[in-house]
There are 2 protein chains.
Amino acid sequence: MARSEDGGEKKPLERLGVREIAKRVGVAPMTVSRVLSNPDMVAPATRAKVLEAIEAAGFVPNRLASSMKGNGRMIGTVVPPLINSGIAEQVQGMSDECQQGGYSMLLVQGEFTTEAEEASIRTLLGWRPAGMILQSFVQSEVARQLLVSSGAPVVEISEIKGRQPIDMVVGVSNFETAYAMTMHLVAKGYKRIGFVSTPIHGNDRLQQRRTGYHAALSELGIENHASMEVEVPITAAGGAEALATLTERHADIDAIFFSSDTLAIGAVQECHRRGWAIPDRIGIAGYGDMDLAAQLYPPLTTVKVNRYEMGRRAVRQLLDRLGGKQKLATITSLGFEIVDRESA
Amino acid sequence: MARSEDGGEKKPLERLGVREIAKRVGVAPMTVSRVLSNPDMVAPATRAKVLEAIEAAGFVPNRLASSMKGNGRMIGTVVPPLINSGIAEQVQGMSDECQQGGYSMLLVQGEFTTEAEEASIRTLLGWRPAGMILQSFVQSEVARQLLVSSGAPVVEISEIKGRQPIDMVVGVSNFETAYAMTMHLVAKGYKRIGFVSTPIHGNDRLQQRRTGYHAALSELGIENHASMEVEVPITAAGGAEALATLTERHADIDAIFFSSDTLAIGAVQECHRRGWAIPDRIGIAGYGDMDLAAQLYPPLTTVKVNRYEMGRRAVRQLLDRLGGKQKLATITSLGFEIVDRESA
DNA sequence: TCAAGCTATTATACTATTATAAGTGTCAAG
DNA sequence: CTTGACACTTATAATAGTATAATAGCTTGA
């Protein structure tokens, strides 16, 4: 084993760890460990010496090892692509709250397919996270089983009603939001309202939005054709394309409800290009109230959902549970607002 | 220790691990381990039995334990706030490449302050990541020292020239990009060009962009006042505000170069509100070529930097190094394009 | 027929931290 | 002068996977 003759017996460069720090200070490793996690249990004088040595050595305790003893301080999360989706706000919320609570965030981007979901969850569970945050309800039964048997608390950021959550849910009623926006548009005098969303398959949030839109229309006795709905990719170009498609199919459409601000903003640009007056020629409504929505010309009427707060709350739920808090809400419903601006 | 009388001696529920799987199959733990990491070293028959047992038990190997033996498969990264910054694209690139390489991504959001940076890096190093990706050059000397002594390869996604990198750099010459855009604007006939950026302090990329802008102007003998530059927060409202401020200070400003598309897009909306024709009344140029830029009305002239690719390349560098590849580039410079559209 | 050569497998020990239990020492009360 | 209580510290073992060396079993060639 290359016992190089450097005179001594065993000096493999002495990796920096609690052991090495302990040796330098002249205490037991356990004492060093306590200085890091339970400083009050160590005599002030000892503590000072240990801290000094830690500082001097530039020692950063190995969290892998402590996690193995069940003190994991890592939250795992699977999110859809960050670009344009408004998920970035949520991730920021999660990250901020994690950091505040002393946790690290392990992030995996995954598609909404069953296999990808399963693979992502498997990867994360491999790190034995203290908690997991998932988007939308988990589809794969295998993945659900893995999550349950992992024992970690799980928050699904999702539609708040529908399937049985694995553990906890944080979200809004997407049905309600879409229902409310559709009602709002009708109240403003629109009669032929189109609906545009990003691919709905496997995304219960989008499904609920569409259902809410349908519910409002049918409740008001407004007939609705499937041809007044389109799915497009989540890009500004997608929004523009949807506007073109719908108004070509139905020249009398007087408003379009987009399931995402990104799409709505794209549509607004397309209207400018065509010289169509908003909202006179056509009303445009979005979803999400992203930063640009209020600054847009004309300002965008949209559904405001506090995604940053959603992220925070999801982590908070996890940390509360980990902290042993009793009587935790299983379902946390955040409110929403219909922000009535000028685009519809 | 609550040795509950269940007849047997020690059956603490037998946590699921290689040991337990091994016992069930009737092989040594090491064999199970090899099935997972070096399947070729195990006889096909044995391998099949082990895989079956793993499947049946829903066993997910503990990566914490394997990481402790130096097989860490985690990349740590510190990023600025994701919202509006175009960092989301980069994170997506990193994430995709990590996943492809079988690595997980540990993400910390941190501000650009020295203390926050140091804290974030410390946190990440605690997880003993196989590699680190940082934004901009690391300011804190202590943090640099920690990184170096951690032994992990480090990529700084940053301005590619300037300070000595800790290890490797991936990026573009922000100086060049800004210089090129400024030259481009002058070539198009603009004479009084303002410059707007988000807070520059501590961000060498922004510093370089401003320097490039200065260099181009002075090379052309165009005088430039500090009053033609503003710093605003990275929001659409910030862009609108900057436009208002600059045109109020200097009524004769005929173009503004924004250090971010988000700002430029906000400014374009402000122009619409004021009824100012773009580019006739004023030219607007952005930076980043975000998705919306091409769809904007009018389409945004901007600097195209492939942020997604930057993220990928950063991870690639790390993985190449970890894979033992020799002669790795220390500096990877990605190209850029001046995308000439109609806003300027 | 025995040693060498090979493959497949196993036993041991190690990674860094920490829960737990056991062990010091000091002080005050009995 | 002992006993108990208390504050602090240490020794041991455990977490789960895997590098390493050792071993078993088999074939092959001399």
Do the side chains of A:Arg321 and A:Asp167 get close enough for a salt bridge, i.e. N-O under 4.0 angstrom?
yes
Between B:Met41 (CE) and C:dT7 (P), how many Å, whole number?
10 Å
Rounded distance (Å) that lies between atom C1' of C:dA22 and atom CE of A:Met30
14 Å
Would you mind telling me which of C:dA16, D:dA16, D:dT9 lies closest to the side-chain atoms of B:Met68?
C:dA16
Residue closer to the 5' end of DNA chain C, A:Ser33 versus B:Ala65 (nearest nucleotide):
B:Ala65
Pairing donors with acceptors under 3.5 angstrom, does anything connect the side chains of A:Glu118 and A:Ser140?
yes
Whole-Å distance between D:dT9 P and A:Lys23 NZ?
20 Å
Kindly say if B:Thr46 contacts the phosphate of C:dA8, meaning a side-chain N or O under 4.0 Å from OP1 or OP2.
no
Check the distance between D:dA16's P and A:Leu125's CG and give it to me in whole angstrom.
15 Å
I need the CD1-C1' distance between A:Ile54 and C:dA16, as an integer number of Å.
14 Å
So, are A:Arg205 and A:Glu159 salt-bridged, with charged N and O less than 4.0 Å apart?
no
For the base of D:dA16, is there a side-chain donor-acceptor partner from B:Lys69 under 3.5 Å away?
no
What integer distance in Å separates B:Ile21:CD1 from D:dG17:P?
9 Å
Donor-acceptor pair under 3.5 Å: do we get one between B:Arg63's side chain and the base of D:dG17?
no
Basic-acidic side-chain contact under 4.0 Å: A:Arg307, A:Glu89
no
With respect to the phosphate group of C:dA19, does any side-chain polar atom (N or O) of A:Asn71 fall under 4.0 Å of OP1 or OP2?
yes
Winner on side-chain proximity to A:Ala43, out of C:dT10, C:dT9, D:dT9, is D:dT9
Is a donor-acceptor pair below 3.5 Å formed from side chain B:Arg34 to base C:dT10, judging by atom type as modelled?
yes
May I ask you to verify if any side-chain N or O of B:Ser66 is less than 4.0 angstrom from the OP1 or OP2 atom of D:dG17?
no
Under-4.0 Å side-chain N/O to phosphate OP1/OP2 contact, B:Thr31 with C:dA8:
no
With a 4.0 Å limit, can you tell me whether B:Asn38 has a side-chain N or O closer than that to the phosphate oxygens OP1/OP2 of D:dA19?
no
Decide if atom CD of A:Glu55 counts as having more than 12 heavy atoms of other residues, nucleotides or ligands within a radius under 6.0 Å.
no
Hey, does A:Val27 reach any base, or is it just sugar-phosphate, or nothing, if we go heavy atoms under 4.0 Å?
sugar-phosphate
Atom-to-atom span, CG of B:Leu36 to P of D:dT18 - whole angstrom:
7 Å
Please state how far atom NZ in B:Lys49 lies from atom C1' in C:dT9, giving the value in whole angstrom units.
12 Å
